[in-house]
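Have a look at the structure below, then the notes.
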There are 2 protein chains.
Amino acid sequence: MAAITEHGLAELTMAGLARRLGTSGGHILYYFGSKDQVLVETLRWSEERLAPRRAELVAGSAPAGERLAGYVDLYLPTGAADPRWLLWVDVWSRTIAVPELREAQAELDRGWHEDLVRLVDDGVRAGEFAPTDAEAFSVRLRAMLDGFSTQIVIGVPGVDRDVLADHAKDHARRTLAPALL
Amino acid sequence: MAAITEHGLAELTMAGLARRLGTSGGHILYYFGSKDQVLVETLRWSEERLAPRRAELVAGSAPAGERLAGYVDLYLPTGAADPRWLLWVDVWSRTIAVPELREAQAELDRGWHEDLVRLVDDGVRAGEFAPTDAEAFSVRLRAMLDGFSTQIVIGVPGVDRDVLADHAKDHARRTLAPALL
DNA sequence: CAATCGCTTTGAACGGCGTTCAAAGACCGT
DNA sequence: ACGGTCTTTGAACGCCGTTCAAAGCGATTG
């Protein structure tokens, strides 16, 4: 992750990474099998580091609306070169050619999905949100967040992370708003 | 596009493409400059082929709701290996390393955005949709569609193109529904 | 203590990639 | 028939991810 942050994913080669780690390219592949596996394991590691904060958002005692806003902020890339999202986009394009990546990737997604469903159900149960199909809500919101994240991380001119975050939060607020009476 | 359809983007090499075209790799690069440019020009060509149908959706006389559903169907990939969307995902990951692609890509996006804004404004003007910030609606819906498209084209297990299309259409319908009184 | 044996680690070699470029070919106005 | 410009080729280049034979290392054993 540090290597990606410093020089970008495109500059990350087996030989370069090995040099940085004081070992050889062959050695890395002895354990990981392929560069694809290195990348997907790095993504997994990166996602695991977010797990505690995500768990807190699901289990926390703050109003569900606030926790949902926190979920959006945690999901989106921090900025134009967020290494976690560089990995996501790269893994997407590699998944098309390398089916072994598909399951790992689907599994990471599932974690985000299940937590969001719990969070929304929690808010509904507390009467803070209108009765909602949490599954459908999660599928839609996360797709929107994926689209926003892509734009942010590839640096589409004129897009601003915080503006897009507000779009997502506003969408959530309106969709989950309890009926006025 | 035919080569991508038949063998996938990962198998598409300069030498292989040249052989298929009865020419040499150097010759393709004489005109295109780089493989990245070949891909982005191919994407542009592919998008241009959709332009007439998109224009018809904007200018058509059918109810705006129906035209919006048509927009969703045109936007999403046709299936798991839609070559247009293989190119999109590939261009996303290359854009990160090759800034020259960014403008081309943003420009293609702009076309979809502007047409969707017109379509929604049209529906609002006709009283078919509630008064809506069409800009914001377009930013959100297209992000959602990008997220869905990614999942479809990379073949996430368990996702179905038509189910996701219905999600998008339902989101649009609910968001744009005129108030009940 | 030496021999053995599995697990690590190396780095040279490999095939294939996108790209470059000197040379050859084709075309055309004069 | 010549000259000049634009095309086209294909060999060469540097770099990539990956493979694999050989060497290194440490623990187990007689």
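Computed over heavy atoms, backbone and side chain alike; hydrogens, waters and symmetry mates excluded. Protein chains get the first letters and strands the later ones, always in sequence-line order, with residue 1 at the start of each. Please read these numbers as outputs of a predicted model, since none were measured by experiment.
At a cut-off of 3.5 Å, with distance as the only test, no side-chain donor of B:H171 or A:R140 sits close to an acceptor on the other residue.
Per the geometry, CG belonging to B:L17 stands 16 Å off C1' belonging to D:dT9, to the nearest Å. Per the geometry, CG belonging to A:D90 stands 15 Å off P belonging to D:dC16, to the nearest Å. Rounded to a whole Å, the CG atom of A:L39 is 14 Å from the C1' atom of D:dC16. As a whole-Å value, the separation of B:E100 CD from C:dG18 C1' is 15 Å. If you measure from atom CZ of B:R19 to atom C1' of C:dC17, you get 13 Å, rounded to the nearest angstrom.
Applying the salt bridge (charged side-chain N to carboxylate O under 4.0 Å, His left out) test to residues at least two apart or on different chains, the pairs with a partner in residues 7-29 of chain A are A:E6-A:R20.
Remark: A:D162 engages A:D160 in a side chain to side chain contact (heavy atoms under 4.5 Å, CB included) (not counting sequence neighbours). A:H27 is linked by a ring pair (Phe, Tyr, Trp, His ring centres under 6.0 Å) to A:Y31, counting only residues two or more places apart in sequence or in another chain.
Among all heavy-atom pairs drawn from A:L86 and A:L9, the shortest one is O-CD1, 3.5 Å.
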Only distances under 3.5 Å count here; give the side-chain donor-acceptor pairs of residues 52-64 of chain B to other protein atoms, sequence neighbours excluded, each with its distance to 0.1 Å.
| from | atom 1 | to | atom 2 | distance (Å) |
| --- | --- | --- | --- | --- |
| B:R54 | NE | B:D115 | OD2 | 2.9 |
| B:R54 | NH2 | B:G111 | O | 3.3 |
| B:R54 | NH2 | B:D115 | OD2 | 3.4 |

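Contacts of A:F32 with the nucleic acid, taken as non-hydrogen atoms under 4.0 Å apart, are absent.
Hydrophobic clustering (ILVMFWY, side-chain heavy atoms < 4.5 Å, transitive): A:V117 and A:V124 are in distinct clusters.
Each of B:D133, B:V139, B:L141 was evaluated against B:F137; a single residue qualifies, B:L141, per the side-chain contact (heavy atoms from CB on, under 4.5 Å) test.
The shortest distance between the side-chain N/O atoms of B:Y30 and the OP1/OP2 oxygens of D:dT7 is below 4.0 Å. Residue A:T23 places at least one side-chain N or O under 4.0 Å from the OP1 or OP2 atom of C:dT10.
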Find every protein N or O atom lying less than 3.5 Å from an N or O atom of nucleotides 17-23 of chain D, and list the pairs.
| from | atom 1 | to | atom 2 | distance (Å) |
| --- | --- | --- | --- | --- |
| D:dG17 | OP1 | A:K35 | NZ | 2.6 |
| D:dG17 | OP2 | A:M14 | N | 2.9 |
| D:dT18 | OP2 | A:K35 | N | 2.6 |

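B:F148 has its side chain out of reach of B:Y75: every pair of non-hydrogen atoms, C-beta onward, lies at least 4.5 Å apart.
With pairs defined as Watson-Crick or G-U wobble and both atom distances under 3.5 Å, the stems of at least three pairs that touch DNA chain C come out as C:1-30 with D:1-30.
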